[in-house]
Asks: 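Below is a structure I'd like to ask you about.
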Amino acid sequence: MITSTPSGLFCEAGNFFIDPWEPVARALVTHAHSDHARPGSASYLCAAPGETVLRRRIPDAAIQTLPYGETITIGDTRVSFHPAGHILGSAQIRVENRGEVWVVSGDYKRAADPTCDPFEPITCHTFITEATFALPIYTWDPADTTVEEILGWWRANREEERPSVLFCYVLGKAQRILAELRGRSEGPIHLHGAVAGLTDAYRDAGVAMAPAERITEGMRGKMLARSLVLAPLSARGTLWMKRLPNASVAFASGLMRVRGVRRQRAFDRGFVLSDHADWPALLATVAGTGATRVLVTHGWSDALARFLAEERGLETGTIRTAFEGETGELTEASEDRAPEMPPSEEK
Ligand SMILES: [Zn+2]
Ligand SMILES: [Zn+2]
């Protein structure tokens, strides 16, 4: 019912693409991350809560929205969007044709996130799952534990009048951290411009977060010495950082589970916080769908497909994406783009 094409996942019965990476006539989008929502398509359909963010990412797009759980007919298919728990507005897309049901999960997580609706398990025959962190070494602590670690690091830096620069993915992760810090923040929070714009889109959508101020041109040095600063990884090593001399630098990502990565990249601290499912959550989710066929994409897809076939007796396959194979590079979007980082050392 859904096939992998050079432009992305295509449903012939409905004549639409899901998360296409080439411009198409009709794109159904699971969420606004750049490896899923590409510009140039004639029309977009997303879950209603994702509209403000998708509009900021693709400003001139023709966007239609659908509330979670509502079903529409497209061609010969019945289509509905269901929460994926990944970022604001992220959705699994359920497609039904002649009694057969497929679910395309996009990216998802099972941990609670104050910025979005929780993942909803959907029964289906075929489940397309992500595999960004599909190795047994990837297990997450509760977000609360990680937030306490961030607060402790920030507190210690404040006492030394050192800014705390926390690099994180600008869409989703930054806002999740701000939401977790609501009512718990102990000092000023400042945002890099790239984080501030998307945070505005979250506030426009009604997400409650800790107050935070955009860093403007004249802000530097002493003015930021007690601040927690959220910034994209791409700001690291740029002139922008000159305003934050002597900063302690940290990275918030599931990649920080592998201690060697933190050392190798010379972060003072690494905080394990991911918007993707960890290994146990991936297995539980697949089992929860009741699917007898599972197609795996994003990241460690071969490892997960092999495990599900050999240990669970499922029919499996893998789907390549256009964003595979940026090996080893920690970029701003690296967590979402599923880098094939050798997990040499377990925490
Ligand atoms: Zn994503
Ligand atoms: Zn992704």
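Since the model is a prediction, treat every value here as computed from it, not as a measurement. As a basis for the values below, the full set of heavy atoms in this structure was taken, side chains included, without hydrogen atoms, waters or symmetry mates. Both ligands and their constituent atoms are indexed starting at 1 by order of listing. Just so you know, residue 1 is the first one in the sequence shown, and it goes up from there.
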Asks: So for atom CZ, which belongs to R155, do other residues, nucleotides or ligands contribute more than 12 heavy atoms lying within a distance under 6.0 Å?
Replies: yes

Asks: Taking both backbone and side-chain atoms into account, decide whether H276 has an N/O/S atom under 2.8 Å from the Zn ion (ligand 1).
Replies: no

Asks: So, E96 and R94, do they make that salt bridge, N to O below 4.0 Å?
Replies: yes

Asks: Would you say D107 has an N, O or S atom lying under 2.8 Å from the Zn ion (ligand 1)?
Replies: yes

Asks: Decide, yes or no, whether a salt bridge links E51 with R55 under the criterion of side-chain N to carboxylate O below 4.0 Å.
Replies: yes

Asks: Output the atom name for the N/O/S atom of H86 with the smallest distance to the Zn ion (ligand 1).
Replies: NE2

Asks: Could you tell me whether any N, O or S atom belonging to H31 is less than 2.8 Å from the Zn ion (ligand 2)?
Replies: no

Asks: Among the N, O or S atoms of D35, which one sits nearest to the Zn ion (ligand 2)?
Replies: OD2

Asks: Under 2.8 Å from the Zn ion (ligand 2) - does any N, O or S atom of E130 fall there?
Replies: no

Asks: Which of the N/O/S atoms in H33 sits closest to the Zn ion (ligand 1)?
Replies: ND1

Asks: Looking at D302 and R320, is any side-chain nitrogen of the basic one under 4.0 Å from a carboxylate oxygen of the acidic one?
Replies: yes

Asks: Is NZ or CZ of R236 both nearer than 6.0 Å to the six-membered ring centre of F267 and within 45° of the ring axis?
Replies: yes

Asks: Below 4.0 angstrom, N of the basic side chain to O of the carboxylate: do K109 and D113 qualify?
Replies: yes

